[in-house]
Amino acid sequence: MLFKTALNEVERRKVEAARRKAFLLYEGKVTPHRSCGIALAETFNLPTRPYQSLRRGGITGEGECGAIKAGELILGEYLGDPDPTGSTTPLLKEAARLYREEWIRRVDRGPAARSSPRAGQPVQPDIICNHLTAPFGEFTSPERQSFCTNIAAQVAEIVAEILLKAGAEFEILEIPGVPRPKK
């Protein structure tokens, strides 16, 4: 078994801290707004520049959800082989499988994802940014902002859980100037 099955109290608090940090960074009310990919990279202390290309589904909206894609990349950053010619690590293989299972099960993909598939067609989750956000009309609407804020927070939670279950070491740093939540 590559992954442990349960998290202890300290680990659960770390998961909640990751969720909260991604939420606050994306929401943009107590700190300047970050795009989904950048909010996730910053949550896990990774360089944000490459995650900028995940903004709004690959900039155009025609690509997959930047938050969900960022989750995959973060797992690779922590669990992948640092050797560019190395094989995929068993931990990363298992993490990728588990991650996909978990985001399909837990991430609210909104009204667009709730429509029923055609008869006889396999269910394939549609995570194209424009498809997920279309029901909200204007991309800059507060409703769409709230929807995407929650996706980023859900992804951070899932990624933190998987990393901890895989035994990865990471820290969730506080956002400068943002008070800690009351216990």
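Just so you know, these numbers come straight off a predicted model, no measurement behind them.
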Closest approach of Leu40 to Ala22 (non-hydrogen atoms, all atoms of both residues) | CD2-CB, 4.4 Å
With the side chain counted from C-beta on, respond yes when Tyr26 and His33 share a heavy-atom pair under 4.5 Å apart, and no when they do not.
-> yes
CG of Asn130 to OG1 of Thr60, rounded to nearest 0.5 Å, is 6.5 Å
Are side-chain heavy atoms of Asp126 and Arg109 found at a separation under 4.5 Å?
-> no
Got a sec, which residues hit side-chain contact (heavy atoms from CB on, under 4.5 Å) with Phe147, two or more places apart in sequence or on another chain?
-> Leu132, Phe136, Ile151
Rounded distance [0.5 Å steps], CG in Asp83 versus OG1 in Thr89 = 12.0 Å
Ion pair present between Arg97 and Glu101, side-chain N to carboxylate O less than 4.0 angstrom?
-> yes
Nearest 0.5 Å please: distance from the CG atom of Leu91 over to the CG atom of Leu163.
-> 10.0 Å
Check whether any side-chain heavy atom of Val15 sits under 4.5 Å from a side-chain heavy atom of Leu164, and report yes or no.
-> yes
Taking all non-hydrogen atoms of both residues, which atom of Ala95 and which atom of Ile162 are closest, and how far apart?
-> CB-CG2, 3.7 Å
Does any N or O in the side chain of Gln145 come within less than 3.5 Å of the main-chain N or O of Glu27, such that one atom is a donor and the other an acceptor?
-> yes
Taking every heavy atom of Cys36 against every heavy atom of Ala67, the minimum-distance pair comes out as SG-N, 3.5 Å
Qualifying salt bridge (Lys or Arg N to Asp or Glu O under 4.0 Å) pairs with a residue from residues 68-82, counting only residues at least two apart or across chains = Glu64-Lys69, Lys69-Glu72
Relative to the ring of Phe44, is the ring of Phe170 parallel (under 30°), tilted (30 to 60°) or perpendicular (over 60°)?
-> tilted
Of all heavy-atom pairs between Val159 and Gly71, which one has the smallest distance, and what is that distance?
-> CG2-CA, 3.6 Å
For the residue pair Tyr51 and Leu73, establish whether any side-chain heavy-atom pair is separated by less than 4.5 Å.
-> yes
Donor-acceptor contact present, side-chain Ser146 to main-chain Pro142, <3.5 Å | no
Measure the shortest side-chain to side-chain distance between Ile175 and Val30 over non-hydrogen atoms and say whether it is less than 4.5 angstrom.
-> no
Distance, nearest 0.5 Å, that separates CD of Gln52 from CD1 of Ile38 = 4.5 Å
Give, for atom CG of Asn45 and atom CD1 of Ile172, the distance between the pair rounded to the nearest 0.5 Å.
-> 6.5 Å
Salt-bridge test for Lys14 and Glu11: reply yes if a basic N is under 4.0 Å from a carboxylate O, no otherwise.
-> no
Given side chain to side chain contact (heavy atoms under 4.5 Å, CB included), test Lys165 with Leu7 step by step and report yes or no.
-> CA-CA 7 Å; Lys165 288 178 178 180; Leu7 299 177; 3.8 Å; yes
Could you check if a side-chain atom of Glu161 sits within less than 4.5 angstrom of a side-chain atom of Arg12, using non-hydrogen atoms only?
-> no
Of all heavy-atom pairs between Thr133 and Cys148, which one has the smallest distance, and what is that distance?
-> CG2-SG, 4.0 Å
Is the closest basic N to carboxylate O distance between Glu16 and Arg20 below 4.0 Å?
-> no
Under a 4.5 Å side-chain heavy-atom rule over Ile, Leu, Val, Met, Phe, Trp and Tyr, are Phe23 and Ile158 clustered together?
-> no
Derivation of the side chain to side chain contact (heavy atoms under 4.5 Å, CB included) call for Val178 and Leu24 | CA-CA 9 Å; Val178 175; Leu24 293 174; 4.0 Å; yes
Hphob cluster co-occupancy, Leu173 + Tyr78, side-chain heavy atoms under 4.5 angstrom = no
Are the side chain of Glu42 and the backbone N or O of Thr48 linked by a donor-acceptor pair below 3.5 Å?
-> no
Exercise: identify the closest heavy-atom pair between Ala18 and Ala156 = O-CB, 3.5 Å
Mind checking whether Tyr99 and Val155 have side chains closer than 4.5 Å, heavy atoms only?
-> yes
Atom pair OG/CG of Ser35 and Leu25 - distance to nearest 0.5 Å = 10.5 Å
Does Glu9 CD have over 12 foreign heavy atoms under 6.0 Å away?
-> yes
